[in-house]
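Report on the structure given below.
We count ligands from 1, going down the list as the structure has it; atoms in each ligand are counted the same way. Nothing here was measured: the structure is a model prediction, and the numbers come from that model. We use all heavy atoms of the structure for the numbers below, so side chains are in, but hydrogens, waters and symmetry mates are not.
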Amino acid sequence: MREVFDTRTDPEEVARQLRFIEEGKKITEKLNAEAGRRMKACVVTFGCQMNARDSEKLTGILANMGFEMTEDENADFVIYNTCSVRDNANQKVYGKLGVLNTYKKRNPHMKIALCGCMTQEESVIDKIQNSYPFVDLIFGTHNLYKFPEYYVYMMQKKGMFIDVWESTTKIVEDLPVIRKYPFKSGVNIMFGCDKFCTYCIVPYVRGRERSREPEEIVSEIEKLVKDGVKEVMLLGQNVNSYGKNLEKKTTFPELLRMVEQIEGLQRIRFMTPYPSDFDDDMIACMKDSKKICRHIHLPLQSGSSRILKKMNRRYTKEEFLELALKLRRELPDVAITTDIIVGFPGETKEDIDETLDVIRKVCFDNAFTFIYSKRTGTPAASMPDQVAEEDIKVWFDEVLSLVQNCAKERTALLQDRIEDVLVEDVNSHDSSLVTGRMSNNTLVHFPGDRSLIGEIVTVKLEECRGFYYLGKRL
Ligand code: SAH
Ligand code: SF4
Ligand code: F3S
C-alpha cells in the first residue's frame with residue numbers, strides 16, 4: 001500500500017518548534033552576555049535551489065534565536081547544508097570540515113552542524129563519526145523543521161547529536177524564513193522524487209514524491225508578495241508530476257494558473273520539469289501567461305535512446321527532439337536550457353554523437369554538463385563498463401564546446417532587443433553597473449546603482465558579450 005502523506009503544514013509542530021526557538025533564544029542571549037558580544041552563525045549551502053530554500057529556513061530560525069548572521073565560516077555556529085548529487089560535492093564538504101576544525105580549536109564556543117542530502121547516506125554518518133568527531137549536530141532532509149529543537153538539545157548535551165530519518169509524512173512550512181534576496185523567493189510545491197533515474201541519488205536522500213495543497217502554496221506566495229517578493233520559483237524535482245497525491249487532484253498547469261492570479265506577483269519561474277510529462281496544456285499555459293518567465297530548463301541527460309533507457313529516463317531521443325522542437329515552434333521567445341551527463345556506464349562515442357546531434361538540433365540556450373559520478377546505492381553504480389577517464393575527458397570537452405557555441409549563437413540573437421530586467425545586485429567587478437536577469441534568464445549588466453536592486457526596469461541590449469549583455473536603461 002502507498003503511504004499516505006500530509007499535504008498541509010502541521011500547525012502543532014510549528015507551535016512546538018516556535019517554543020524551542022524561544023528556548024534557543026534564551027541560550028544564545030546567555031552566551032552573548034558571557035562573551036560580551038553577539039554570537040555569530042553561518043549557513044553554507046551546497047547543491048540545488050531546494051537546499052537554498054532550506055538554508056533560508058535555517059537562517060530565519062538562527063536569526064530568531066538571537067544569532068548575528070555572517071558569511072564568515074570562522075563563526076560560533078556553522079551549518080553545512082550539504083548536497084550529494086555528485087561525489088565532488090561530498091569531497092568538498094570533507095575538505096571544508098577540516099578547516100572548520102582548526103577554527104574550532106581556537107574558539108571554545110564553536111558548534112558545527114551538518115544537514116542536507118549527504119547526511120541521508122549511512123556511509124557519510126559513519127565517516128563523520130569516525131573521522132570528524134568534532135561535529136556537534138547532524139540532522140537530515142526530512143526533519144529539518146526540527147532544527148530549533150535540535151539546537152536546544154545540542155547546547156544541553158556534550159558529544160555528537162544525530163537524528164536522521166528515512167522518510168516523513170509531515171509538511172512543516174510556516175517557521176521563520178530569512179530570504180537571501182528580498183525580491184525573489186523559491187517556493188516548495190512538492191518534495192522528493194519517484195522517477196529513480198538509475199544514476200541519481202535524489203530519490204534516496206529526499207524520499208518519495210509529495211505535493212503541497214495548492215491553497216497553501218498560493219497563500220505562501222501571497223504572503224511573500226506582501227513582503228516585497230516580485231518573482232517566485234516553484235520548486236520540485238519534477239514539477240509536472242505535481243498534484244498526483246492530492247485528494248483533489250491538481251495538475252501543474254492548473255497550479256500555475258492559480259499562481260498567475262496572485263495580484264502584485266510579477267514573475268513565475270519553475271524548476272525542474274521532466275521532458276515526457278511536459279504536455280500540451282503546459283505549453284498552452286505558458287502561451288497564455290503574462291507572468292511565467294520565458295525559460296524552460298528541460299534536462300536531456302543523454303541524446304542516445306540506448307543510454308536514456310539504461311538511465312531509466314522515460315523518453316527516447318526522438319521524443320525529446322519532438323518536444324523541444326515543438327517548444328521552439330510554439331514558444332519562440334522561450335529559452336531552453338538543459339543538463340547533460342557524460343560518461344554514463346556503457347556509453348560509447350556513438351552515444352556521445354547522438355547527444356551532440358540533439359544539442360545541434362535544439363541549439364540549447366545554455367546547458368550544464370556533468371561528468372557521470374558513481375553514487376553508491378544507485379543501480380548505475382553496479383553497471384558494467386564504467387567508462388575510462390581519458391574517454392570522458394575528450395567527450396566532455398567536445399560536448400562543452402558545442403554547448404557553448406550554441407549558447408553564444410542563441411544569446412547573439414537578442415542583440416538590440418528591449419527587455420524587462422529584474423535587477424539582482426551591484427556588479428561584483430564594476431560597481432558602476434548593476435546586474436539583472438531577463439525573463440529568459442539571460443544576464444544583463446548596465447549602468448545603475450544599488451537603489452535599483454529588486455526593481456524591474458526596461459533595458460536595451462546593446463553589446464553581446466558571449467553569454468550575457470551590456471545594456472542601457474531606457
Ligand atoms: N530532477 C532534476 C535534476 C536533479 S539533479 C531532473 O530530473 O533533471 C540535477 C542534475 O544533476 C541532473 O539533471 C543530472 O544532470 C545531474 N546528476 C544527477 N545525478 C548525477 C550523477 N550521478 N552524476 C552526474 N550528474 C548527475
Ligand atoms: Fe534524479 Fe531523475 Fe528524480 Fe531528477 S527525475 S531528481 S534526475 S531521479
Ligand atoms: Fe543535491 Fe540534494 Fe539538491 S542531492 S541537487 S541538494 S536535492
For this session: Could you give me the CA-CA distance, side-chain angles and deciding distance for Ser123 and Asp126, then say whether side-chain hydrogen bond (donor to acceptor under 3.5 Å, both in side chains) is met?
Result: CA-CA 5 Å; Ser123 59; Asp126 292 345; over 6 Å; no
For this session: Kindly determine whether Phe20 and Tyr150 satisfy ring pair (Phe, Tyr, Trp, His ring centres under 6.0 Å), including the steps that lead there.
Result: CA-CA 9 Å; Phe20 278 108; Tyr150 297 148; 9.1 Å; no
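For the pair Lys195 and Tyr274, the cation-pi test (distance below 6.0 Å, angle within 45°) is passed.
Results of the side-chain contact (heavy atoms from CB on, under 4.5 Å) test with Phe161 over Asp136, Val135, Leu137, Ile138 single out Leu137 as the only residue that passes. With Phe344 as reference, Tyr372 is the one residue of Tyr372, Trp395, Phe370 to meet the ring-ring contact (aromatic ring centres under 6.0 Å, His included) rule.
Aromatic ring centres of Phe67 and Tyr151: separated by under 6.0 Å.
Counting the atoms of ligand 1 from 1 in the order shown, those under 4.0 Å from a heavy atom of Tyr372 are 23 (N), 24 (C). Residue contact check: Gln237 has heavy atoms under 4.0 Å from atoms 7 (S) of ligand 3. Counting atoms of ligand 1 from 1 in the listed order, those under 4.0 Å from a heavy atom of Arg313 are 7 (O). In summary, the atoms of ligand 3 found under 4.0 Å from a heavy atom of Cys83, numbered by their order in the structure, are 1 (Fe), 4 (S), 5 (S), 6 (S). Residue Gln237 has at least one heavy-atom neighbour below 4.0 Å for each of these atoms of ligand 1: 1 (N), 2 (C), 3 (C), 4 (C).
Atom 23 (N) of ligand 1 has Ser373 N, 2.9 Å as its closest protein atom, hydrogens excluded (heavy atom only). From the protein, the heavy atom lying nearest to atom 6 (S) of ligand 3 is Asn51 ND2, 3.3 Å. In terms of protein heavy atoms, atom 7 (S) of ligand 2 is closest to Tyr199 OH, 3.3 Å. Annotation: atom 3 (Fe) of ligand 3 to nearest protein heavy atom, Cys48 SG, 2.3 Å. Protein heavy atom closest to atom 9 (C) of ligand 1, with residue, atom name and distance, is Asp339 OD2, 3.9 Å.
Only the side chain of Pro299 comes within 4.0 Å of ligand 1, judged by heavy-atom distances. Within the 4.0 Å heavy-atom criterion, the part of Ile371 lying near ligand 1 is the backbone and not the side chain. Of the heavy atoms in Tyr199, both backbone and side-chain atoms come closer than 4.0 Å to ligand 1. Under 4.0 angstrom from ligand 1, the non-hydrogen atoms of Val85 come from both its backbone and its side chain. Looking at Met50 against ligand 3, nothing comes within 4.0 Å, counting heavy atoms. The part of Arg375 lying near ligand 1 is the side chain, judged by heavy-atom distances below 4.0 Å.
Between Asp87 and Lys374 there is no salt bridge, since no side-chain nitrogen of the basic residue lies less than 4.0 Å from a carboxylate oxygen of the acidic one. The pair Asp385-Lys310 does not count as a salt bridge, with every side-chain nitrogen at least 4.0 angstrom from each carboxylate oxygen. Under the 4.0 Å criterion applied to side-chain N and carboxylate O atoms, Glu220 and Arg212 are assigned as salt-bridge partners. A salt bridge does not link Glu350 to Arg306: none of the charged nitrogens lies less than 4.0 Å from a carboxylate oxygen. Using a cut-off of 4.0 Å between Lys/Arg side-chain N and Asp/Glu carboxylate O, Glu260 and Arg257 are scored as not salt-bridged.
Under the side chain to side chain donor-acceptor pair (under 3.5 Å) criterion, Glu347 pairs with no residue, sequence neighbours left out.
Not a single heavy atom of Arg206 sits less than 4.0 Å from an atom of ligand 2. Between Gln49 and ligand 3 there is no heavy-atom distance shorter than 4.0 Å. Heavy-atom separations between Ile341 and ligand 1 include at least one value shorter than 4.0 Å.
When Arg206, Arg86, Gln301 are ranked by how near their heavy atoms come to atom 17 (N) of ligand 1, first place goes to Arg86.
Backbone and side-chain nitrogen or oxygen atoms of Thr272 are examined, and none is located within less than 3.5 angstrom of a nitrogen or oxygen of ligand 1.
With hydrogens and angles left out, the side-chain atoms of Glu424 and Thr435 include no donor and acceptor closer than 3.5 Å. A donor-acceptor pair shorter than 3.5 Å can be found between the side chains of His297 and Asp339. Defined by atom type and a distance below 3.5 Å, a donor-acceptor pair is present between the side-chain atoms of Ser55 and Asn81.
Here the protein contributes Cys193 SG as N, O or S atoms under 2.8 Å from atom 3 (Fe) of ligand 2.
Residue Cys117 does not count as close to atom 3 (Fe) of ligand 3, with no N, O or S atom under 2.8 Å.
Heavy-atom minimum distance, Ile221 versus Leu265: CG2-CD2, 4.0 Å.
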